[in-house]
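Just so you know, residue 1 is the first one in the sequence shown, and it goes up from there.
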Amino acid sequence: LVVADDTARLPDLIQASARLNSNTVYQDGFMDVGLHVRTGRTTDWTSAIRAAHGNTSHVIGVHGDGTVVRFRGHWQGDGNGAFPHLLLTEGGRMVFEAEARVDLVQARSYFTRQLWVWGDGTGTLELAEGFVADRTRSDPVDDALGTVRLGGATLITHHTRNMPQNTRSDGRGGIYPNGHVVFERVPGNTWRVLTNHQTYAAQVDFRTSGVIDTQAHLTHTGQRRIALPVNDTGHFTSSGAFRTLANDVVITKRGPAMLSLEGEQAYRPGAVIEVEEGLLRVCTDPGMGARTDAQAGPYLTIRVRSRGRLHLTAPVLRLARIELHDEAEAWLDRDCVLDLSGGLFVAEGATFHQAGEVRGTREGTGQVIE
């Protein structure tokens, strides 16, 4: 179904589909099924998206320059076999407004289905400032947007309440945040952090190179959690890490605000964080990744450009290499040990403030202040 008239009322949608799996989720044929909006204007969608059965995988599309859908309804996509899709092309934009409820969390088990957001790289999913992703946190209901997978799209968040995650029982009388933001399918997926300083307590996975644009501060605090069996669902591990899941992945940090890595980290060989501007703060050991990924280790290179800054504050930091280019500036705190298998490079014009201990070779003609 294609809605091309911006005056049309978007309907209650009850959709049925065959069960998909993670090997068949990104298909060009999805343009020919589901409901697609191409109006060139803004349309409010206040009605519901429902599933006909537990294996329903919704396909919703927003397409074309100027086409904006402001979703204020209830999207129910938590079936056991559900793979809900949001397909964005040619500049199409979907906004989950404050009134929206997007429920991908299964009843009783509190596992979350994942929202597959993808397209040609020009579309945007925006989570409005008032949108609440995790309703399980404040109310014991199975209602949350637990995961967003980016496969050729931009994600915009404005507030910590937007963050895709849900709250699960750990089987010990406690709770923990579960969920993730995933960069995959094609390089260049972008997460833009706007308006308010935000904290994310679940995992961030880079299967392809991607961009984090911090116009407001973003703090990652995710930790590994292993749940005891709850409602016969078995032991479940949430890595919680900020991590790469393929070799040679480049994470580009843009924007004037801070990205602070205060949770667990894990990097596979060839991983790079490229700091184009703003501050990258590293508060935990980038080399401890084997705790969440057997292929991870002290493989990360941090490369800082002229408008970038780096603050190293963990007691121990194991990396492959640090490169300070142009007029970049970096600080290593007192009582911190920086262990670099590939050395430290400080270019002419760059400055490294060393209050802690550096283990590894030093290159370049830049200034080192001890």
Side-chain angles (χ1 to χ4, degrees), residues 193 197 204 206 209-221 241-244 247-290 296-370:
V193 181
H197 307 328
V204 183
F206 289 86
S209 298
V211 177
I212 295 184
D213 181 359
T214 55
Q215 299 297 315
H217 300 317
L218 174 62
T219 301
H220 174 261
T221 61
F242 186 98
R243 62 183 184 170
T244 64
N247 291 355
D248 304 318
V249 167
V250 178
I251 302 168
T252 301
K253 184 238 175 290
R254 294 179 181 152
M258 174 186 69
L259 171 61
S260 186
L261 302 180
E262 301 182 12
E264 295 192 28
Q265 303 176 63
Y267 303 99
R268 293 192 182 181
V272 175
I273 297 181
E274 180 107 11
V275 185
E276 291 188 352
E277 61 178 327
L279 176 67
L280 172 66
R281 177 172 291 150
V282 183
C283 304
T284 57
D285 180 9
M288 68 180 296
Y299 301 128
L300 176 66
T301 291
I302 299 177
R303 185 178 299 129
V304 189
R305 299 299 182 182
S306 61
R307 293 187 295 167
R309 297 179 302 282
L310 174 64
H311 181 198
L312 304 166
T313 186
V316 176
L317 303 109
R318 292 169 293 169
L319 298 93
R321 183 173 171 83
I322 290 178
E323 299 178 2
L324 305 179
H325 294 270
D326 309 312
E327 298 176 356
E329 199 165 6
W331 294 263
L332 176 65
D333 277 359
R334 185 181 60 201
D335 302 322
C336 297
V337 176
L338 177 59
D339 191 340
L340 299 168
S341 61
L344 169 67
F345 172 75
V346 184
E348 183 178 0
T351 305
F352 184 72
H353 301 267
Q354 181 183 333
E357 178 186 352
V358 177
R359 298 174 182 171
T361 60
R362 183 185 300 172
E363 308 167 42
T365 58
Q367 186 176 25
V368 177
I369 301 173
E370 299 185 18

In Å and rounded to the nearest 0.5 Å, what is the SG to NE2 distance from C283 to H220? 12.0 Å
Under the ring pair (Phe, Tyr, Trp, His ring centres under 6.0 Å) rule, collect the residues that match up with Y299, sequence neighbours excluded. none
Which of L310, V346, T301 passes side-chain contact (heavy atoms from CB on, under 4.5 Å) with I322? Answer is L310
Nearest-0.5 Å distance, CE of residue M258 to OG1 of residue T219: 4.0 Å
Distance check, rounded to the nearest 0.5 Å: R309 atom CZ versus E327 atom CD? 12.5 Å
Show the atom names and distances, to 0.1 Å, of all donor-acceptor pairs under 3.5 Å that link a side chain in residues 330-339 to residues at least two apart or in another chain.
| from | atom 1 | to | atom 2 | distance (Å) |
| --- | --- | --- | --- | --- |
| D333 | OD1 | H311 | NE2 | 3.0 |
| D333 | OD2 | H311 | NE2 | 3.1 |
| D333 | OD2 | T313 | OG1 | 2.9 |

Write out all pairs satisfying salt bridge (charged side-chain N to carboxylate O under 4.0 Å, His left out) with one or both partners inside residues 249-273, taking only residues at least two apart or from two chains. R254-E276, E264-R291, R268-D293
To the nearest 0.5 Å, what is the distance between NE2 on H197 and CG on L218? 11.5 Å
Where L317 and A314 come nearest, the two heavy atoms and their spacing: CD1-O, 3.3 Å
When every non-hydrogen atom of G263 is compared with those of T284, the smallest separation belongs to O-OG1, 2.6 Å
Please name all residues satisfying side-chain contact (heavy atoms from CB on, under 4.5 Å) with A257, sequence neighbours left out, ordered by chain then number. T214, H217
F206/I273 under side chain to side chain contact (heavy atoms under 4.5 Å, CB included): CA gap, chis, key distance, verdict: CA-CA 11 Å; F206 289 86; I273 297 181; over 6 Å; no
Specify the closest pair of heavy atoms between M288 and D285, including all atoms of both residues, with the distance to one decimal. CG-O, 3.3 Å
Just how far is it from atom CG of L279 to atom OG of S260, taken to the nearest 0.5 Å? 7.5 Å
Closest heavy-atom pair, G308 versus V275, reported as atoms and distance to 0.1 Å, is CA-CG1, 3.9 Å
Distance from I212 atom CD1 to L259 atom CG, nearest 0.5 Å? 5.5 Å
Residues 363-370, side-chain donor-acceptor partners within the protein, below 3.5 Å, at least two apart:
| from | atom 1 | to | atom 2 | distance (Å) |
| --- | --- | --- | --- | --- |
| E363 | OE2 | R321 | NH1 | 2.9 |

For a quick test of your reading: what N or O donor-acceptor pairs under 3.5 Å do the side chains of residues 349-359 make, sequence neighbours left out?
| from | atom 1 | to | atom 2 | distance (Å) |
| --- | --- | --- | --- | --- |
| H353 | NE2 | E329 | OE2 | 2.6 |
| Q354 | OE1 | R362 | NH2 | 3.2 |
| Q354 | NE2 | G356 | O | 3.3 |
| E357 | OE2 | R359 | NE | 2.9 |

